[in-house]
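Worksheet for the structure shown next.
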Amino acid sequence: MGFKPSSFLFYSALGTILSISESKWEEKFELYRSLGWSEDDLRSALKKQPEIMLLSQDKIRKMMDFFSKEPGLGLSILSSSPNLLWRSLGKSIIPRYSVICVLTSQGLLNKDVNFSTICILKEEKFLEKYVIKYQEKVPQVLQAYRGRR
């Protein structure tokens, strides 16, 4: 897969490969392809986050469904930032996406904001930068974060 044996990702990839059977590996590979990923997308994602093969098929489907349906996200965000697949859809991804949508619709954020960067922020930093900062000016931001968009 192209990992240097001295890198952390080598051990992560090795652990992943040893954790699942060859048939499960192929099954997951086929699932990603059936959900719109090319071979190159999947290989690129695996080089960044080999553990994506350990996720349940249900989790993969739910994440891919959300990212493919929401405007401005798309599946390419997942292949370029596969660590997003490990985040919780209900507790992290959707609330943050809702906040970004509210702020963007109010003209307070650039439409080209990097959502994957926003998703990896620590919770306190996200709240400070996107919720607390704007809650007086845009009360809907707190409602969006709490799931009432």
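Heavy atoms only: backbone and side chains are in, while hydrogens, waters and symmetry mates are out.
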Working for side chain to side chain contact (heavy atoms under 4.5 Å, CB included), residues Glu39 and Arg43: CA-CA 6 Å; Glu39 296 271 334; Arg43 292 193 190 285; 3.7 Å; yes
Provide the closest heavy-atom pair for [X] versus [Y] in the form atom of the first, atom of the second, distance.
{"X": "Trp86", "Y": "Glu51", "value": "CZ2-O, 3.1 Å"}
{"X": "Ile93", "Y": "Phe115", "value": "O-CZ, 3.7 Å"}
{"X": "Leu78", "Y": "Met63", "value": "CD1-O, 4.2 Å"}
{"X": "Arg96", "Y": "Cys119", "value": "NH1-O, 3.3 Å"}
{"X": "Ile60", "Y": "Ile52", "value": "CD1-O, 4.2 Å"}
{"X": "Tyr32", "Y": "Leu55", "value": "OH-CD1, 4.1 Å"}

Determine whether [X] and [Y] make a side-chain contact, defined as any pair of heavy atoms from C-beta on separated by less than 4.5 Å.
{"X": "Ser98", "Y": "Ile94", "value": "yes"}
{"X": "Glu27", "Y": "Gln57", "value": "yes"}
{"X": "Met53", "Y": "Lys24", "value": "no"}
{"X": "Leu42", "Y": "Ser79", "value": "no"}
{"X": "Phe126", "Y": "Val131", "value": "yes"}
{"X": "Glu128", "Y": "Glu124", "value": "no"}

Trace of the side chain to side chain donor-acceptor pair (under 3.5 Å) decision for Asp41 with Ser38: CA-CA 5 Å; Asp41 290 336; Ser38 69; 3.3 Å; yes
Same apolar cluster: Leu73 and Ile120, side chain cutoff 4.5 Å: no
Neighbour count >12 (heavy atoms, 6.0 Å) for atom [atom1], [X]:
{"X": "Glu22", "atom1": "CD", "answer": "no"}
{"X": "Lys48", "atom1": "NZ", "answer": "yes"}
{"X": "Lys59", "atom1": "NZ", "answer": "yes"}
{"X": "Glu30", "atom1": "CD", "answer": "yes"}
{"X": "Arg33", "atom1": "CZ", "answer": "yes"}

Any sub-3.5 Å donor-acceptor pair from [X]'s side-chain atoms to [Y]'s backbone N or O?
{"X": "Ser92", "Y": "Leu89", "result": "no"}
{"X": "Ser44", "Y": "Asp40", "result": "no"}
{"X": "Ser12", "Y": "Phe8", "result": "no"}
{"X": "Ser34", "Y": "Leu31", "result": "yes"}

How long is the straight-line distance from [atom2] of [Y] back to [atom1] of [X], given to the nearest 0.5 Å?
{"X": "Gln49", "Y": "Ser81", "atom1": "CD", "atom2": "OG", "answer": "10.0 Å"}
{"X": "Asn114", "Y": "Ile77", "atom1": "CG", "atom2": "CD1", "answer": "6.5 Å"}
{"X": "Leu75", "Y": "Lys69", "atom1": "CG", "atom2": "NZ", "answer": "11.5 Å"}
{"X": "Leu103", "Y": "Tyr130", "atom1": "CG", "atom2": "OH", "answer": "8.5 Å"}
{"X": "Glu26", "Y": "Phe29", "atom1": "CD", "atom2": "CZ", "answer": "7.0 Å"}
{"X": "Phe67", "Y": "Lys62", "atom1": "CZ", "atom2": "NZ", "answer": "14.5 Å"}

Polar side chain donor-acceptor pair, Ser56 to Asp58, under 3.5 angstrom: no
Test side chain to side chain contact (heavy atoms under 4.5 Å, CB included) applied to Trp37 and Met64, step by step: CA-CA 10 Å; Trp37 284 24; Met64 299 290 278; 2.8 Å; yes
